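So the structure is just underneath, and the comments pick up after that.
These numbers come from a predicted model, not from an experiment.
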Amino acid sequence: MKKRNMLLLALLLALAPAAGSAQDLPELFGDVYESIGEGLAQGAGLAANSLGEELTLSLATDSARVEEGKTVVLTVTAGNPLAREVSVGVALELPERLRASEETAWEATLAPAQLDEETGELTPSVTTFTRELTLLPGGGSEQAVIGSELEMGTRFYRAQTPLALCVPDVSVIASVDGADNHRMQPGDTFAYRIEIANAGDAPKDVTVEMVLPQDVTLTEKLPEGFAQAGSVIRGQVHAQAAEGETASSVVLTLPAVIAQNALKGDEDAHKLIAGTLRVDGERVPLERIEVCDAKINARLLADTERLEAGEETTLSVVVVNSGLAAADVRLSCMLPEGLSLAVTEDEQEEATAAETQAVPTDGGDNLPMTGTAVPGEPQAAPVMTRQDRTLMFDVHMDAAGEEADGVIASTRVIEIPVVADAPQDNLGEQLVGASLAWSVGEEPMQLGEAVAMRVVRPEFLGMSRADWNGVFWASVLLVVTVLCLYVAVRRESKEEDFCCE
């Protein structure tokens, strides 16, 4: 600008002699001086403006937030109001979790301000620098500040802009619904419940992978976006960002069933099963399920091994449940020929009264039996159903108890009074055996050991009571006959003596 004014002044001075011949000299010099004054005044004003103006610096991002693994564009804007170029140094101050695509400190030259020829005003130049900033994994959501410094000699200019660092905060809780104290039996149904919560400010697609335990199968279709290959279930869940302080939540429910043969071949009728769950690559604790079943054993015991005909004794049915699950047990006791059920008059009257009120569905007789349960309180005596010589009982067996020393089996004893019948075919001794079978639920019957007893006739000198009874009456008859003959003979002898006289 100054050079332009000086050139204009020199041109006017060179043209002054020629102009003097064409017009009045005083007027020419007046115009020249006026132009020079205006040029000097304008130059002085520009210099004053240039000395009073400062550089400007501002920061801006194309988004007020950035999510984990994503980028945001930072724009650094520097303004130069001076009429000359300015060399500056630019530096960015970034949080540790932000990584820039290029260097964060560099040298630059700001273009001079532009002169408006009509108004004579300077328009500051604008220079922009851009950097892509990526949010690295790690840390939580927070409000960060990005700073920038512009250096021009001994002068420094600073600017800041806020940026929300948004990351997901995913937590997972897995549980089992439908299991009583995590203890179940074969055939029971339950459901895996997986709750995925996001308390962070950014959404996330979470990968869920679950390996089902052996002997467990799903009973319903998988949620949308999931697939199953063998025992492995895999899919994705979109966890929305939290709304304020309220975390978002997605719940997956996977209904399942335990196989009926889950404990087949297991001597203890008890085992633990647990699947494997990984969410977003991290293993999540999954509750274990304790699969247990009843373990029933039944025996038939006799109070004696030898009975006389007509003698009574007691057969004891001992039922033991050493499993950790309760069960309904059906018992069948077969009485052989030679043993009959001994029923008291009171029991017979109760059975008769029961029959008048309701007819058994199986056509048998319902008779109460005596029974005790060990341990615990005595339970009600089971009702016996009789079909010919088969005695049947439906017994509920509680689960075995657990103590520090181990498992305490649940035991129940059913007493069956029987009476020995006389041996057939006039035998002096007969071997009879009673058998026991039991079943649990719909399972097939299992046979127990048979009980053998000897039923004998009472004998003396090799002869039974009946034989001795026969001998006695035969002897009586013989004696009576002999007496009758003796009396008859004596009478005839007296008659002959009387006639002879």
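- In terms of modelled atom types and a separation under 3.5 Å, the side chain of Asn321 and the main chain of Gly323 share a donor-acceptor contact.
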Practice task
Please assess Glu67 against Arg65 for the test salt bridge (Lys or Arg N to Asp or Glu O under 4.0 Å), listing each intermediate value before the final yes or no.
Solution key: CA-CA 7 Å; Glu67 296 178 6; Arg65 62 196 306 272; 3.1 Å; yes

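- Using a 4.5 Å heavy-atom threshold, the side chains of Ile196 and Val170 count as touching.
- Between the side chain of Gln114 and the main chain of Pro124, no donor-acceptor pair closer than 3.5 Å is present.
- Remark: the Tyr157 side chain and the Glu149 side chain contain no N/O donor-acceptor pair separated by less than 3.5 Å.
- Without hydrogens or angle criteria, Glu287 side chain to Val176 main chain gives a donor-acceptor distance under 3.5 Å.
- Looking at heavy atoms from C-beta onward, Thr75 lies in side-chain contact with Thr77 at the 4.5 angstrom threshold.
- Between the CD1 atom in Ile289 and the OH atom in Tyr192 there is a gap of 4.0 Å [rounded to 0.5 Å].
- The 12-atom threshold is not exceeded at CD of Glu267, counting heavy atoms of other residues, nucleotides or ligands nearer than 6.0 Å.
- With 3.5 Å as the limit, one finds no donor-acceptor pair spanning the side chains of Ser148 and Glu93.
- In this structure, Asp62 contributes its side chain and Val73 its backbone to a donor-acceptor pair below 3.5 Å.
- Looking at heavy atoms from C-beta onward, Val208 lies in side-chain contact with Phe226 at the 4.5 angstrom threshold.
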Exercise for the section: Start with the C-alpha gap between Leu150 and Leu55, add the side-chain angles, then the distance that decides, and say whether side-chain contact (heavy atoms from CB on, under 4.5 Å) holds. Expected result: CA-CA 9 Å; Leu150 187 66; Leu55 301 183; 4.2 Å; yes

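- A distance of 6.0 Å separates CG in Leu218 from CG in Leu254, rounded to the nearest 0.5 Å.
- In plain terms, the two heavy atoms of Ala262 and Lys271 that are nearest each other are O-NZ, 2.9 Å.
- At distances below 3.5 Å, not a single donor-acceptor pair connects side-chain atoms of Ser439 with backbone N or O atoms of Met445.
- Arg299 forms no cation-pi arrangement with Trp438, by the criterion of a distance under 6.0 Å to the ring centre and an angle within 45° of the ring axis.
- Distance check, rounded to the nearest 0.5 Å: OG of Ser322 to CE of Met397 gives 9.5 Å.
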Practice task
Please lay out, stage by stage, how Arg131 and Val76 fare under the test side-chain contact (heavy atoms from CB on, under 4.5 Å).
Solution key: CA-CA 8 Å; Arg131 295 291 185 271; Val76 182; 5.9 Å; no

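- Between the side chain of Asn261 and the backbone N or O of Lys264 there is no donor-acceptor pair closer than 3.5 Å.
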Handout entry: Verdict with reasoning, Leu74 to Phe129, per side-chain contact (heavy atoms from CB on, under 4.5 Å)
Key = CA-CA 8 Å; Leu74 173 67; Phe129 312 93; over 6 Å; no

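- Between Ser248 and Glu243, every side-chain heavy-atom pair lies at or beyond the 4.5 Å cut-off.
- Residues Thr127 and Asn80 are not in side-chain contact: their nearest non-hydrogen atoms beyond the backbone lie 4.5 Å or more apart.
- Of the candidates Asn198, Asp280, Asp169, Lys204 forms a side-chain hydrogen bond (donor to acceptor under 3.5 Å, both in side chains) with just one, namely Asp280.
- Side-chain polar atoms of Gln185 and Asp293 form a donor-acceptor pair below 3.5 angstrom.
- Judged by distance alone, with hydrogens and angles left aside, the side-chain atoms of Ser125 form a donor-acceptor pair with the main-chain N or O of Ala111 at under 3.5 Å.
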Exercise for the section: Please report the C-alpha distance between Arg288 and Glu290 in whole Å, then the side-chain angles of each, then the deciding distance to 0.1 Å, and finally whether the salt bridge (Lys or Arg N to Asp or Glu O under 4.0 Å) criterion is met. Expected result: CA-CA 7 Å; Arg288 296 189 300 177; Glu290 191 176 3; over 6 Å; no

Practice task
May I have the step-by-step check of salt bridge (Lys or Arg N to Asp or Glu O under 4.0 Å) for Asp394 and Arg330, ending in yes or no?
Solution key: CA-CA 5 Å; Asp394 290 323; Arg330 164 151 284 204; 2.7 Å; yes

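- Other residues, nucleotides and ligands contribute more than 12 heavy atoms inside 6.0 Å of the CD atom of Glu103.
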Handout entry: Criterion side-chain contact (heavy atoms from CB on, under 4.5 Å) on Val206 and Gln236, from CA distance to verdict
Key = CA-CA 5 Å; Val206 181; Gln236 274 196 343; over 6 Å; no

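- The shortest side-chain heavy-atom distance between Ile194 and Leu277 falls under the 4.5 Å cut-off.
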Practice task
Check the pair Asp398, Arg412 against salt bridge (Lys or Arg N to Asp or Glu O under 4.0 Å), reporting the backbone distance first and the verdict last.
Solution key: CA-CA 10 Å; Asp398 294 331; Arg412 191 163 186 179; over 6 Å; no

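- Put simply, the side chain of Ile146 reaches to within 4.5 Å of the side chain of Leu133, judged on heavy atoms.
- Between the side chain of Gln228 and the backbone N or O of Gly230 there is at least one donor-acceptor pair closer than 3.5 Å.
- With values rounded to the nearest 0.5 angstrom, Leu98 atom CG is found 6.0 Å from Leu163 atom CG.
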